[in-house]
Amino acid sequence: MDYLFQRSLDDLVKGLRSQAAASGESRYVAKALEEIRKEIKATDPHIKAAAVHKLAYLNALHGVDMAWAAFQVVEVMSMPKFSHKKIGYLAASQSFTDSTDVLLLITNLLKKDLSSKNEFEAGMALECLSRIATPDLVRDLTQDVLTMLGSSKLYIRKKATLVLFKVFSKHPESIRVAFKRLVEKLDDRDSQVVAACVSVLHELARQDPQPYLLLAPELYRLLVESTNNWLLIKLVKLFALLMPLEPRLAKKIAEPLCEQMRRTSAKSLVLECIRTITVGLLDNTEVVELAAGKLQEILAASHGGDGEDDDPNLKYLGLQAVLDLLPVYPQLVTQSKSVIISCLNDVDPSVQMASLRLIVSMVSDSNLADTVQILMRYALSAEKIFCNELLSSILSTCSRSFYELVTDFSWYVGVLGELVRVPNFEQGKEVERQLVDIGLRVESVRKDLSRLARDFLIDSSTWENSHIHRVLAAAAWIAGEYVELAGDLFEIVEALLQPRMKKLPPSVQAVFLQAVLKILVHFASAAATAVDAEVVDKMVTLIRENAGSLQSHVDTEVQERASNLFGLISFIEDEAGSGEMLAGIREAFAKDLGPVSQFSQQRVVVPDGLEL
Amino acid sequence: MIDAVLVMNTQGKPRLAKFYKSLSPVKQQEIVRKVYTGLSSRAEHFCNFVEADEIFGAGTKLVYKHFATLYFVFVIDSGESELGILDLIQVFVETLDSIFKNVCELDIVFNFNKVNTVLDEIVMGGQVVETNSTEIVKSVQEIFK
């Protein structure tokens, strides 16, 4: 095949670009793939290499599988011409996996290229090894890589050093032989090599820091002397991993760490120093003060005032850092309070969330009311997702550890009422749970709950939001359960039986009906005067009119409860003996329901002879 | 560790995709789509960091920069400094700029091999190997002599 007619990669790309629709594109890709399959078998190196080049492109950017061409890739890697070889290596790096069987074939090839006089060829082989190394390859090539550590060329030394990470990861036994050689690189005359070495040590230490503790003196020297920002960042991160293992280490590096923090103009390094301080130096007040000071500078710099010169990156990272320092330096929050709170309003969701997390972690029983007020204020103007994050935070913080932080439940019931009216409200289930839960646990606040329930039931303008429905169920339950505390019972029954209720989900309708039942029982059994008797009649008529159809409702639960209700009515209307029975039912409902401990079941003694 | 480097345009088409963890081509494409979804909704003045737990696993972040019609995205885990990597993206783009003289998206589209080589001179096996733009340009020019 004459390579003049072969489409080059450029032709392929141009062809792809000329396809207007996605379907055209995938057809074009399929056609190109067919051509490639033929071309790749050619003996002419130029044609084969070009085919592999195109295939690599399609593999990387169009998700085309090229595992079937692994052998041909190896052929191209073995070609004498550097530009061809390079294409082979590119393809290999991106497509070979642990299960590629031709990997067995490339050991000698890599060996040859690793020792090439052309440093770029050697570098290419190192790069490939760093991506596709298997335990076998590593075992066979470790010695070659170690030799390269002593190369006169910086280019080779820095890449060979980095590859050692892969060597150690894939073949841990090599650490015994090679560790010393890696550590020697800490003394390399070029800081890029030292940086590569520290980078490798850091990655290794992330998996298991203990073996690297003995390098502390060397690392200390570097911390004091180095000016290479990248190296320092990795070094500081490495110390963060080592400090928990040896408390004296923290004391030793405190001073050089602070010195770097003071000297540097790179915020990246300052932030890493702060992170490391939060890991092991929180008991050193001087260091913490310095860190807090630097952090305040960063937060101040992040907030240009006016929103114009804001640096969103510093805001986001600054807030995270404040959260880390919080356990020892809560003052930081009070000092930067206005910045942090205004971040709740930030356009950037990342910054908003960071700010919210920080505020929530600062909550105590003394600032709960203020915090909730702030969060509520922002929720009113926030868009849906963040609004609900705020509301959800309020709900979870207040209910944490059985409402540990809440001192005034009357206030909290008010909060729940306000919460429900926030546009974008979607926390129906949780509010329902809490309303009922609080009613069970806190007797003194049942009157407030009853009032709240009445308001929800009567003001049907809020019923539009489907997330309110569960709350309505809670309201109905409360109205029925704490019926003695309710005000005008007829009003409530009217609300519970309004025509709109039929549009509510069946599960909610069922709760409504049960509430009506309880109220009717309560009222009817207590009816003493003629006026009362009239009201009972009115209630019964109302029930007949509005709930009659529910007896044949599709949902069985609704049907059943409606039938119970009507059964009760016919019972009431049948004068004889109903008085005593009503009193009996009323008493049954009057029994206080309380929360059940999650360990209650365990306390039940299994009766003798019962096999479970 | 750097888990991946992606360059995609503002329509979501990938122009460069290098993964430093073994992933099938199908999975790679899926990830590219998810990253695009995560980035396309962000406005200009937002911070350059997006938490990427659902895409790459716990603790990972996307560090990205938007230049003209392209997003340059480095996916990192907690072993990297966010601001440091942001600087590195700058180095990457400046290097491309030197090599291609005011680089634009088309340069990247038609120079698959060369652009990959530039990246390989900056990041090797998920770790940073060189941060000096001049050095990188020198090496790339030698390689393509």
Side-chain angles (χ1 to χ4, degrees), chain A residues 9-10 13 17 53 56-57 59-66 82-83 86-87 90 93-95 97-98 120 123-124 126-127 129-131 155 158-159 162-163 165-166 192 195-196 199-200 202-203 206 229-230 233 237 266-269 271-272 307 310 312-313 315-317 347-351, chain B residues 1 8 13-20 22-30 32 41-43 45-51 61 63 77-88 106 109-113 116-117 120-121 124-132 135 139-140 142-145:
Chain A
L9 178 58
D10 270 10
V13 175
R17 286 170 64 76
H53 198 185
Y57 180 88
N59 170 258
L61 300 180
H62 291 267
V64 169
D65 169 63
M66 63 178 287
F82 179 73
S83 56
K86 185 158 197 335
I87 289 171
L90 171 69
S93 289
Q94 74 182 48
S95 66
T97 68
D98 279 357
F120 299 109
M124 202 167 63
L126 284 170
E127 198 276 329
L129 196 58
S130 78
R131 308 245 330 254
Y155 187 83
K158 74 182 179 189
K159 291 200 174 189
L162 271 187
V163 164
F165 174 64
K166 204 65 181 214
Q192 288 105 306
S199 179
V200 172
H202 171 248
E203 278 304 323
R206 282 174 81 199
N229 195 54
W230 194 262
I233 287 176
K237 280 170 117 50
K267 299 221 172 50
S268 52
L269 183 56
L271 281 165
E272 290 303 330
D310 278 8
N313 293 331
K315 261 196 243 181
Y316 174 73
L317 294 172
V347 280
D348 183 350
S350 309
V351 173
Chain B
M1 190 116 258
M8 63 181 77
K13 265 187 124 81
R15 297 308 190 191
L16 175 81
K18 230 180 202 21
F19 291 86
Y20 297 103
S22 190
L23 290 165
S24 72
V26 170
K27 198 83 185 53
Q28 289 180 9
Q29 293 285 300
E30 192 191 304
V32 168
S41 56
R42 293 176 72 78
H45 37 272
F46 284 17
C47 70
N48 300 104
F49 315 116
V50 179
E51 285 160 27
K61 290 195 178 87
V63 179
D77 63 19
S78 56
E80 300 297 333
S81 150
E82 295 94 336
L83 286 177
I85 294 290
L86 203 55
D87 288 340
L88 204 67
L106 273 187
V109 169
F110 281 102
N111 289 281
F112 179 66
N113 198 359
N116 266 277
T117 306
D120 286 344
E121 290 303 308
M124 196 178 93
Q127 295 180 84
V128 174
V129 62
E130 181 57 66
T131 56
N132 182 307
E135 287 301 317
S139 303
V140 173
E142 273 299 313
I143 291 173
F144 281 92
K145 213 164 46 177

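Side-chain atoms are counted along with the backbone in the values below, which use heavy atoms only and exclude waters and symmetry mates. Quick caveat: nothing in here was measured; it's all calculated off a predicted structure. Chain letters run A, B, ... following the sequence lines, proteins first, then strands; residues in each count from 1.
Taking all atoms of both residues into account, the shortest heavy-atom contact from B:R42 to A:P349 is NH1-CD, 4.5 Å. Nearest heavy-atom pair across B:E80 and A:W230 is OE1-CZ2, 3.8 Å. Closest approach of B:P25 and A:D65 over heavy atoms only: CG-CA, 4.1 Å. Listed here is the closest heavy atom pair of A:H53 and B:N113: NE2-CB, 3.7 Å. The nearest pair of heavy atoms linking B:M124 to A:L126 is CE-O, 4.3 Å. Between B:L16 and A:L61, the closest heavy-atom pair is N-CD2, 3.7 Å.
Atom CZ of A:F165 is separated from atom CE of B:M1 by 5.0 Å, given to the nearest 0.5 angstrom. Here the OH atom belonging to A:Y155 is positioned 10.0 Å from the CD atom belonging to B:E142, to the nearest 0.5 angstrom. Taking CG of A:N229 as the reference point, atom OG1 of B:T131 lies at 9.0 Å (rounded to 0.5 Å). Annotation: the span from B:N48 atom CG to A:Y316 atom OH amounts to 11.5 Å, rounded to 0.5 Å. Once rounded to the nearest 0.5 Å, the distance linking CZ of B:F110 with CG of A:D10 reads 6.0 Å.
The choice from B:K13, B:E121, B:E135 that makes the most heavy-atom pairs within less than 4.5 Å of chain A is B:E121. For the set A:K267, A:Q94, A:K159, A:M66, the count of heavy-atom pairs under 4.5 angstrom toward chain B peaks at A:K159. For the set B:E30, B:E51, B:Q28, the entry with the most heavy-atom pairs within less than 4.5 Å of chain A is B:E51. With respect to chain B, the highest number of heavy-atom pairs below 4.5 Å among A:I233, A:L9, A:L90 belongs to A:L90. Between chain A and the residues B:G79, B:A43, B:S22, the most heavy-atom pairs under 4.5 angstrom are made by B:G79.
Both the backbone and the side chain of A:A56 have a heavy atom closer than 4.5 Å to some heavy atom of chain B. Of the two parts of A:K166, neither the backbone nor the side chain holds a non-hydrogen atom closer than 4.5 Å to a non-hydrogen atom of chain B. Residue contact with chain B, scored on non-hydrogen atoms closer than 4.5 Å, is absent for A:L129. For A:Y57, the parts lying near chain B are the backbone and the side chain together; criterion is any non-hydrogen pair under 4.5 Å. Heavy atoms closer than 4.5 Å to chain B are found in both the backbone and the side chain of A:L162. With a threshold of 4.5 angstrom between heavy atoms, A:V163 approaches chain B through its backbone and through its side chain. Both the backbone and the side chain of A:S199 come within contact range of chain B, with heavy atoms under 4.5 Å apart. In this structure, no portion of B:K27 lies under 4.5 Å from any heavy atom of chain A. Heavy atoms closer than 4.5 Å to chain B are found in the side chain of A:K86, but not in its backbone. For a residue to count as touching a neighbouring chain, one of its non-hydrogen atoms must lie under 4.5 Å from one of that chain's; by this rule B:S81 touches chain A with backbone and side chain alike. Contacts of B:Q29 with chain A are made by side-chain atoms alone, with heavy-atom separations under 4.5 Å and no backbone atom involved. Contact annotation for B:V32: neither backbone nor side-chain heavy atoms come within less than 4.5 Å of a heavy atom of chain A. Both the backbone and the side chain of B:S139 come within contact range of chain A, judged by heavy atoms closer than 4.5 Å. Residue B:F112 touches chain A through its side chain alone, counting heavy-atom pairs closer than 4.5 Å. Proximity to chain B (any heavy atom under 4.5 Å) is restricted, for A:L317, to the side chain, taken from C-beta onward. Neither the backbone nor the side chain of B:L23 comes within less than 4.5 Å of any heavy atom in chain A. Both the backbone and the side chain of B:D120 come within less than 4.5 Å of a heavy atom in chain A. For a residue to count as touching a neighbouring chain, one of its non-hydrogen atoms must lie under 4.5 Å from one of that chain's; by this rule B:K145 does not touch chain A.
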Notebook entry, point to check: Where do A:S130 and B:Q127 land on the side-chain contact (heavy atoms from CB on, under 4.5 Å) test, with the steps shown first?
Noted result: CA-CA 10 Å; A:S130 78; B:Q127 295 180 84; over 6 Å; no
Next item on the list: Check the pair A:F82, B:I143 against side-chain contact (heavy atoms from CB on, under 4.5 Å), reporting the backbone distance first and the verdict last.
Entry: CA-CA 9 Å; A:F82 179 73; B:I143 291 173; 3.7 Å; yes
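B:K18 places a side-chain heavy atom less than 4.5 Å from the side chain of A:R131. At a threshold of 4.5 Å between non-hydrogen side-chain atoms, the residues A:L271 and B:E82 do not count as touching.
Scored by the side chain to side chain donor-acceptor pair (under 3.5 Å) test, A:S93 finds A:E127 as partners (sequence neighbours excluded). For the side chain to side chain donor-acceptor pair (under 3.5 Å) test, residues two or more places apart in sequence or in another chain that qualify with B:E130 are A:K158, A:Q192.
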